[in-house]
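For reference, the structure is listed below as structure tokens.
None of these values were measured; they are calculated from a predicted model. To find a chain, count down the sequence lines: A is the first, B the second, and so on, and within it residues start at 1.
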Protein chains: 2
Amino acid sequence: MCTAFHNASCLNCQARFGSILFKAEKCNLEEIEAAKVCSVYKKGQVVFQEGAYPFGIYCVNTGKIKLSHCGDDGREQIVRLAKPGDIIGYKALLSAERYTASAIALDDASVCFIPKDLFMSILQKDASLSFEMMRIIASELRKAEVKITHLSQKPVRERLAETLLFIKETYGVETDGFTLNVRLSREEIANLVGTATESAIRLLSEFKKDGLIELQGKKIRLLNTEEITRTANLQD
Amino acid sequence: MCTAFHNASCLNCQARFGSILFKAEKCNLEEIEAAKVCSVYKKGQVVFQEGAYPFGIYCVNTGKIKLSHCGDDGREQIVRLAKPGDIIGYKALLSAERYTASAIALDDASVCFIPKDLFMSILQKDASLSFEMMRIIASELRKAEVKITHLSQKPVRERLAETLLFIKETYGVETDGFTLNVRLSREEIANLVGTATESAIRLLSEFKKDGLIELQGKKIRLLNTEEITRTANLQD
DNA sequence: GAGGCACAATGATGAGGATCAAGTTAAAAT
DNA sequence: ATTTTAACTTGATCCTCATCATTGTGCCTC
């Protein structure tokens with residue numbers, strides 16, 4: 001499956017990535033550090049599965065994770081992209097319900113697991129941590145609401161452009177300054193945009209024809225961010 | 001504009017509606033009570049406006065509030081319906097940004113205002129309150145993600161049925177057990193579903209023809225909840 | 001009661017985008 | 001290297017749904 005081990009460098013890890021856990025009081029962070037278990041997931045492996053009950057939360061150490069929500073007809077909708085420092089699986093834990101999304105590694109990734117009881121108890125006594133958690137979730141919620149509006153009001157073309165910018169914002173670009181620093185399948189891009197795979201493909205080649213992007217297998221280079229932004233037609 | 005006054009019955013109000021604020025430690029709740037200002041808004045009046053900076057949060061005392069997000073083309077998307085006991089305007093406050101949605105009274109409503117500084121300072125020291133806040137926001141986020149999935153995968157017909165059930169869940173029904181306990185314009189229903197007004201109207205009359213609902217002006221009676229649920233095609 | 005106004009309803013039309021089908025490339029497995 | 005499989009691409013078709021246009025209905029004002 002995946003190798004599990006204790007990662008002694010938790011403090012370093014948090015500091016490096018500015019993770020939320022770093023906001024916890026020191027003694028609590030140390031407690032987390034002692035209890036956590038770090039696991040390595042290969043690309044495509046499932047960190048947790050929609051419908052399962054949560055036993056704790058996860059903090060992404062390295063790699064990239066997609067959180068996707070399976071629709072009734074079986075098609076997936078990617079609701080979030082997580083990067084190192086991000087925590088995932090907190091919504092189900094907080095609302096004490098089953099996962100509404102699956103977490104799947106986009107890369108080889110290492111993810112720390114923090115047991116439910118520990119995390120919850122710390123959360124209840126550590127106002128600083130829960131305050132920070134709240135801010136993060138609130139910001140996620142804002143993003144989700146904007147996405148809802150755009151889904152119901154914007155055409156696929158604009159949403160695709162927006163998604164490309166979002167990917168860049170989330171995972172950044174490679175050293176050349178153009179290539180998106182993640183390999184997503186066309187289907188995954190479509191599931192992020194909320195459209196059919198064929199539509200995503202078609203529009204990507206249009207963007208390419210128009211000189212906005214360059215395609216090379218799964219590599220996507222954003223050549224003209226200006227124009228992509230204009231295509232996304234963002235007001236706010 | 002709207003009458004503002006101190007409402008001595010805050011403790012009662014919270015208790016009655018099981019508001020989140022009731023989770024605050026007692027001394028903090030008293031502090032909130034002392035500082036809050038209650039205002040009355042007439043139907044259609046704006047509690048806060050998208051784009052403005054937040055000065056505090058609001059707790060709905062009586063009445064119904066819609067939170068709507070204005071799309072780039074000016075069409076509104078209703079992202080939430082608030083009822084007595086709910087707090088609104090917290091996302092902008094927590095993320096220290098401008099409102100991304102406007103709050104507008106659907107009814108004559110009375111809403112309590114709690115100043116920013118007070119609320120934030122309490123939140124940072126009151127782990128119990130911020131924990132509860134977190135749970136609420138997390139649950140909102142879950143709902144939002146489901147909505148995103150449905151928006152991108154389900155046809156309007158199913159989404160309308162789902163919306164009717166959602167309205168029932170949120171505001172309940174009148175004493176007859178059928179009539180939705182809120183008056184929304186067709187446009188508002190459409191903006192809740194995420195579709196054109198005409199489409200909402202057309203489908204509503206289809207539902208009526210099929211005996212699922214009864215229409216009488218703005219009154220909507222859910223005659224056959226069973227069948228509406230089936231039409232909504234909910235799996236999860 | 002006549003006029004005006006907002007909202008509701010219905011019809012006609014067209015475009016955007018999903019779906020189906022077929023062919024192509026790329027990657028993985030043997 | 002060859003087969004197998006999966007992912008990508010492109011074309012053709014169909015259908016949902018948005019848009020435009022028109023008429024109908026209730027409601028308030030004068």
What's touching nucleotides 27-30 of chain C from the protein side, N or O pairs under 3.5 Å?
none

Exercise for the section: Name every residue in residues 185-194 of chain A that has at least one heavy atom under 4.0 Å from any atom of DNA chain C, in order of residue number, or write none if there are no such residues. Expected result: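 Close to the strand, none.
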
Handout entry: Close residues, residues 199-206 of chain A, relative to DNA chain C [heavy-atom separation under 4.0 Å]
Key = A:S199, A:R202

Completion exercise
The complete set of ring-ring contact (aromatic ring centres under 6.0 Å, His included) pairs with one or both residues in residues 74-105 of chain A, sequence neighbours excluded, reads A:F48-A:Y99

Using residues 189-202 of chain B as the side-chain source, report each donor-acceptor pair under 3.5 Å to any protein atom, sequence neighbours left out, with the distance given to one decimal.
from   : atom 1 : to     : atom 2 : distance (Å)
B:N191 : ND2    : B:E76  : OE2    : 3.2
B:N191 : ND2    : B:E187 : O      : 3.4

Provide the full list of salt bridge (Lys or Arg N to Asp or Glu O under 4.0 Å) pairs with a residue in [range], sequence neighbours left out, each pair given once.
range: residues 215-226 of chain B; value: B:D176-B:R221, B:E214-B:R221, B:E226-B:R230
range: residues 98-110 of chain B; value: B:K64-B:D107
range: residues 87-97 of chain A; value: A:K91-B:E145, A:E97-B:R142
range: residues 203-213 of chain A; value: A:R157-A:E206, A:R157-A:D210

Problem - Outermost DNA chain D nucleotides near chain B [under 4.0 Å, heavy atoms] - result: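 Contact span on the strand: D:dC17 to D:dC20.
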
Practice task
Check whether any side-chain nitrogen or oxygen of A:K218 sits under 4.0 Å from OP1 or OP2 of C:dA26, and answer yes or no.
Solution key: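 It does not, given that no N or O in the side chain of A:K218 lies less than 4.0 Å from OP1 or OP2 of C:dA26.
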
Completion exercise
Atom CG of B:L184 and atom C1' of C:dA8 are separated, to the nearest Å, by 15 Å

Practice task
With the side chain counted from C-beta on, respond yes when A:I220 and A:L215 share a heavy-atom pair under 4.5 Å apart, and no when they do not.
Solution key: yes

Practice task
Check ring-ring contact (aromatic ring centres under 6.0 Å, His included) between A:F207 and all other residues, then give those that pass, not counting sequence neighbours.
Solution key: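 Testing A:F207 for ring-ring contact (aromatic ring centres under 6.0 Å, His included), a comparison that skips the adjacent residues, returns none.
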
Problem - Nucleic acid contacts - residues 152-165 of chain B versus DNA chain D, non-hydrogen atoms under 4.0 Å - result: B:P155, B:V156

Completion exercise
d(A:L93 CG, A:I87 CD1) to nearest 0.5 Å is 9.5 Å

Handout entry: Nearest atoms (heavy-atom pairs only) where A:K154 meets A:L234
Key = NZ-CD2, 3.6 Å

Problem - Minimum heavy-atom distance B:S68-B:I104, with the two atoms named - result: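 Here B:S68 and B:I104 meet closest at OG-CD1, 4.5 Å.
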
